[in-house]
Novice: 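Take a look at the following structure, please.
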Amino acid sequence: MKVVALVSGGKDSCYAMMKSIQYGHEIVALANLMPADDSVDELDSFMYQTVGHQIIVSYAECMGLPLFRRRIQGSTRHQTLNYKTTPGDEVEDMFILLNEVKRQIPSITAVSSGAIASDYQRLRVESVCSRLGLVSLAYLWKQDQSLLLQEMISNGILAITVKVAAIGLDPAKHLGKEIAFLTAHLHKLKELYGINVCGEGGEYETLTLDCPLFINARIVLDEFQTVLHSPGSIASVGVIHPLAFHLENKDTAISLSENDKTSDSSLEKKGSVFVVQGDFPQRSEATCQSNSETTNLVEVRDDRICISKTKKDDIFSICCWLQDSCKTSAGSHEDLAVVLKHIESQLAGYGFGWEHVLYIHLYIADMNEFATVNETYVRFITQEKCPFGVPSRSTIELPLLQVSLGRAYIEVLVANDNRKNVLHVQSISSWAPSCIGPYSQATLHKEILHMAGQLGLDPPTMRLCNGGPSAELEQALVNSEAVANVFNCSISTSAIVFTIYCSAHTPLPERFKIQEKQDSFLKQTRLLHLDKGGKCKILDPIFLYLLAPDLPKRASVEVKPILFVPEDEETAVTSVHNPSSFTVANRWGFQHAQWHDSCIQKCVVSGKICAIILSITENIVVKICSESLGVNDEDMDHQNSVSKGHMERVLRFCVFLLDKVIVENGFSWEDTMPC
């Protein structure tokens, strides 16, 4: 992709450009926001670094790229974490700036930024990118800061400190020093006081004077003035005000190629500086237009729309599908539009909206229609409708038409409160696969972490990794672990259930390798987690392997974990086996037998969770039915064993087992809820 890089002058934004190039992108322009007054070094802003802004004008010449600059007119008006378009906010200056860059260089499709740990900054960059139809690249996001700092130095980032504001950093000693010189001291301060070695907590700011991207010249700071803001305090704040600097030409300057000369950014613009002006835009009407689009649907008789509901206290689920859709439907996307509209109406009937949805299972009849299905999905479920965060999602193909469930089947899990913690990272990074659109990586609600289905995608490239199904599974688990770590937990110790969807295209021998890889990965990750001082209380998760006709991106594997994340770290985590203190009333016509245990997988957290999965194989069906007839298993005809009467007995047996496990673990049927 062709990229415009947001540059503050700091080491992070410069190294983010280098990483973008490493992953095959092309930097074609630079963008910078600066104070309205040249004499001001630093603004009271959570968004922008401005110390050293007087020197940024040189970046155009150093890199041989056009630099677009705008003076910041707005202020911090929208202070909550999730940004909403707010006229007069400083984020709108970024919108105006990038909108002008895109207008002048239409081939630009992505924006690079140096965000490492600040959700506040990342979410605002992503918001602007979403409004402009651009992709956010944040290749430093969630990287280990100690390793990252060393990486920057090793890869030729020459940067000096232009601000210090932390205990242990003295303006008189540490301002104007190269970060390579300060590395050991920064790590010592991390051990003593827990500072961020990359300065992500505002401990210090830097100005890059040279790096491999400065192909034409390096910057030499000749003279500066030290300005103290809080002298004599425990953590004195000092900034550098540049007084004089010059450029030192490089003998290795690279000439422009013929390809460069014919690009959107013409020869005259190379190294040029453009000042972007303009007033704040009016509030967008896009939301209203989007809402109106969802009303233009094909009329469907109510008797063809099927609804299933379950409810437990303040959490409930709605399932919806369209019967006989093959007779009139133009495809999965048309079915989905009708189903989503009907669910939206059902939610409204309870006084709820999409913002109350925690998780969505999306099943479609044909994965070839995934792109059009996704377009329909994003018309209904938008960031604007979900101010507390968009729901997480899993998508697979199922043979819906064969069982009269239409072309699109939706399950939504709904909570009647907004006490959810949503992780939604839209930026492409090296951390975990991005979710570009209205679906999030994970949603935490009442100690249950619902994670989106993870494919074996390589995060920085967003392509399926090489190496076959086992390699895809390992990458999907790595991605899941990265998401879990954000919530201070691990899939190896906190998982309740692992659902592993395996594509029917995967050869049979590879399916067995998938299970082996899952077991070995979790064992190794658990040991690493415990070595790092992680919680020693470990859940014994349920594993459910399902064969699906197809998965998104033609993936071989999709992993969907559900985790328990206790608010109280002392919560007991136990698995109860054959407790003798409980007696289950024999009201289902069965007596307990040892072989019954082979049908049950369970994960129990005392007093909180009892997750159960029953597996009834053909052989088990034969055993159940043979007992009712008083014959031996081998005497039954396997082909004709499941009559209507037999099926009723199998269902009663399932209820018997569920009842037994629920009661034995101190729960009741009134405690059951959808998942």
Side-chain angles (χ1 to χ4, degrees), residues 2-11 13-14 16-17 20-21 26-43 47-74 90 92-108 110-114 128 132 134 159 162 206-222 241-250 253-256 260-261 263-279:
K2 293 193 174 184
V3 179
V4 53
L6 288 170
V7 292
S8 63
K11 64 186 187 320
S13 57
C14 286
M17 286 192 285
S20 296
I21 293 170
E26 179 187 1
I27 309 296
V28 298
L30 309 175
N32 170 253
L33 289 139
M34 57 182 177
D37 185 346
D38 282 334
S39 65
V40 173
D41 291 299
E42 185 177 32
L43 296 178
M47 267 301 294
Y48 307 121
Q49 173 188 322
T50 57
V51 180
H53 67 86
Q54 299 89 344
I55 293 177
I56 304 303
V57 67
S58 305
Y59 277 35
E61 185 173 343
C62 290
M63 295 183 65
L65 292 174
L67 169 64
F68 294 80
R69 306 191 80 189
R70 175 176 171 83
R71 296 190 182 277
I72 300 168
Q73 299 176 16
E90 60 187 353
E92 298 309 305
D93 287 295
M94 184 197 302
F95 177 86
I96 294 170
L97 175 64
L98 293 179
N99 188 45
E100 178 61 19
V101 176
K102 185 180 177 184
R103 188 189 70 80
Q104 292 203 33
I105 312 177
S107 60
I108 284 177
V111 176
S112 166
S113 69
V128 170
L132 292 172
L134 299 171
V162 290
T206 61
L207 178 68
T208 301
L209 300 179
D210 195 14
C211 73
L213 300 183
F214 288 11
I215 57 174
N216 296 322
R218 62 180 62 87
I219 301 168
V220 178
L221 182 59
D222 300 310
H241 178 75
L243 297 175
F245 68 93
H246 71 275
L247 299 185
E248 188 176 275
N249 290 331
K250 292 185 175 180
I254 301 173
S255 61
L256 296 173
D260 291 330
K261 295 176 183 178
S263 65
D264 289 317
S265 185
S266 65
L267 182 61
E268 291 77 29
K269 294 182 181 178
K270 294 288 185 180
S272 300
V273 178
F274 300 87
V275 177
V276 177
Q277 299 178 343
D279 297 326

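Below, each value reflects all heavy atoms present in this structure, side chains not excepted, and no hydrogens, waters or symmetry copies.
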Novice: Checking Met47 against Met94 for the side chain to side chain contact (heavy atoms under 4.5 Å, CB included) test, could you report, in this order, the C-alpha distance in whole Å, the side-chain angles of both residues, the deciding distance, and whether it holds?
Specialist: CA-CA 10 Å; Met47 267 301 294; Met94 184 197 302; 3.3 Å; yes

Novice: Looking only at heavy atoms, what is the nearest atom pair of Ser272 and Ala60, with distance?
Specialist: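 Residues Ser272 and Ala60, closest heavy atoms: O-CB, 3.8 Å.
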
Novice: Return the CG to CE distance between Asp93 and Met34, rounded to the nearest 0.5 Å.
Specialist: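 That separation rounds to 11.0 Å.
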
Novice: So which atom in Gly52 and which in Pro242 form the shortest heavy-atom distance, rounded to 0.1 Å?
Specialist: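 So the minimum-distance heavy-atom pair works out to CA-CG, 4.3 Å.
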
Novice: Which residues satisfy the side-chain contact (heavy atoms from CB on, under 4.5 Å) test with Ala29, sequence neighbours excluded?
Specialist: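 Applying side-chain contact (heavy atoms from CB on, under 4.5 Å) to Ala29 gives Val4, Pro66, Phe68, Val101, Ile105, Ile108.
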
Novice: Look only at the side chain of His53 and the backbone of Gly9, and say whether a donor-acceptor pair between them is shorter than 3.5 Å.
Specialist: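 No.
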
Novice: Could you state the interatomic distance from CE (Met63) to CD1 (Ile215), rounded to the nearest 0.5 Å?
Specialist: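 So the gap between those two atoms works out to 8.0 Å.
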
Novice: Within the side chain of Lys2, is there an N or O that forms a donor-acceptor pair under 3.5 Å with the backbone of Val28?
Specialist: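 No, the answer is negative, given that no donor and acceptor are paired below the 3.5 Å cut-off.
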
Novice: When rounded to the nearest 0.5 angstrom, what distance separates CD1 in Ile56 from CG in Leu30?
Specialist: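 The distance works out to 9.5 Å.
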
Novice: Please lay out, stage by stage, how Val111 and Leu98 fare under the test side chain to side chain contact (heavy atoms under 4.5 Å, CB included).
Specialist: CA-CA 9 Å; Val111 176; Leu98 293 179; 4.1 Å; yes

Novice: Would you check if Cys14 and Leu213 make a side-chain contact, meaning some heavy-atom pair closer than 4.5 Å?
Specialist: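 No; the side chains remain at least 4.5 Å from each other.
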
Novice: So does Ser112 get a backbone contact from the side chain of Ser20, meaning a donor-acceptor N/O pair under 3.5 Å?
Specialist: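 Not a single qualifying donor-acceptor pair exists.
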
Novice: When you measure from the side chain of Gln49 to the backbone of Leu207, do you find a donor-acceptor pair of N or O atoms at a distance under 3.5 Å?
Specialist: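 Not at all, since once roles are kept as given, no pair shorter than 3.5 Å links the two residues.
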
Novice: State, to 0.1 Å, how close Tyr48 and Leu33 come at their nearest heavy-atom pair, and which atoms those are.
Specialist: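 Closest pair (atom of Tyr48, atom of Leu33, distance): CE2-CD1, 3.4 Å.
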
Novice: Which pair of heavy atoms, one from Gly114 and one from Ala16, lies closest together, and at what distance?
Specialist: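 Looking at all heavy atoms of both residues, the shortest contact is CA-CB, 4.0 Å.
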
Novice: For residues Phe274 and Gln104, determine if any side-chain heavy atom of one lies less than 4.5 Å from a side-chain heavy atom of the other.
Specialist: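 Heavy-atom side-chain distance check passes, below 4.5 Å.
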
Novice: I need the full list of salt bridge (Lys or Arg N to Asp or Glu O under 4.0 Å) pairs touching residues 27-42, with sequence neighbours left out, sorted by first then second residue.
Specialist: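 For residues 27-42: Asp38-Arg71, Glu42-Lys163.
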
Novice: Does anything in residues 207-219 pair up under salt bridge (Lys or Arg N to Asp or Glu O under 4.0 Å), and if so which pairs, sequence neighbours excluded?
Specialist: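 Checked against salt bridge (Lys or Arg N to Asp or Glu O under 4.0 Å) - neighbours excluded - the pairs reaching residues 207-219 are Asp210-Arg218, Asp210-Lys250, Arg218-Glu248.
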
Novice: If you take all heavy atoms of Ile27 and Ala5, which pair is closest and at what distance?
Specialist: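 Closest pair (atom of Ile27, atom of Ala5, distance): CG2-CB, 4.2 Å.
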
Novice: Could you list all the side-chain hydrogen bond (donor to acceptor under 3.5 Å, both in side chains) pairs where at least one residue sits in residues 58-69, not counting sequence neighbours?
Specialist: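 As it turns out, the side-chain hydrogen bond (donor to acceptor under 3.5 Å, both in side chains) pairs with a partner in residues 58-69, which skip direct neighbours, are Asn32-Arg69.
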
Novice: What residues, two or more places apart in sequence or in another chain, satisfy side-chain contact (heavy atoms from CB on, under 4.5 Å) together with Leu243?
Specialist: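 If we apply the side-chain contact (heavy atoms from CB on, under 4.5 Å) test to Leu243, skipping adjacent residues, the hits are Glu223, Gln225, His241.
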
Novice: Does any non-hydrogen side-chain atom of Ile219 lie less than 4.5 Å from one of Phe214?
Specialist: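 Phe214 vs Ile219: side chains touch.
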
Novice: Sequence neighbours left out, what passes side-chain contact (heavy atoms from CB on, under 4.5 Å) with Val275? Give chain and number order.
Specialist: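 Partners of Val275 under the side-chain contact (heavy atoms from CB on, under 4.5 Å) test: Gln277.
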
Novice: Got Val3 and Met17 here, is their nearest side-chain heavy-atom distance under 4.5 Å?
Specialist: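 The answer is no; the side chains never approach within 4.5 Å.
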
Novice: Which pair of non-hydrogen atoms, one from Leu134 and one from Ala110, has the smallest distance, and what is that distance?
Specialist: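 Minimum heavy-atom contact is CD2-N, 4.1 Å.
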
Novice: Distance from Ile55 atom CD1 to Leu209 atom CG, nearest 0.5 Å?
Specialist: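 Rounded to the nearest 0.5 Å, the CD1-CG separation comes out at 6.5 Å.
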
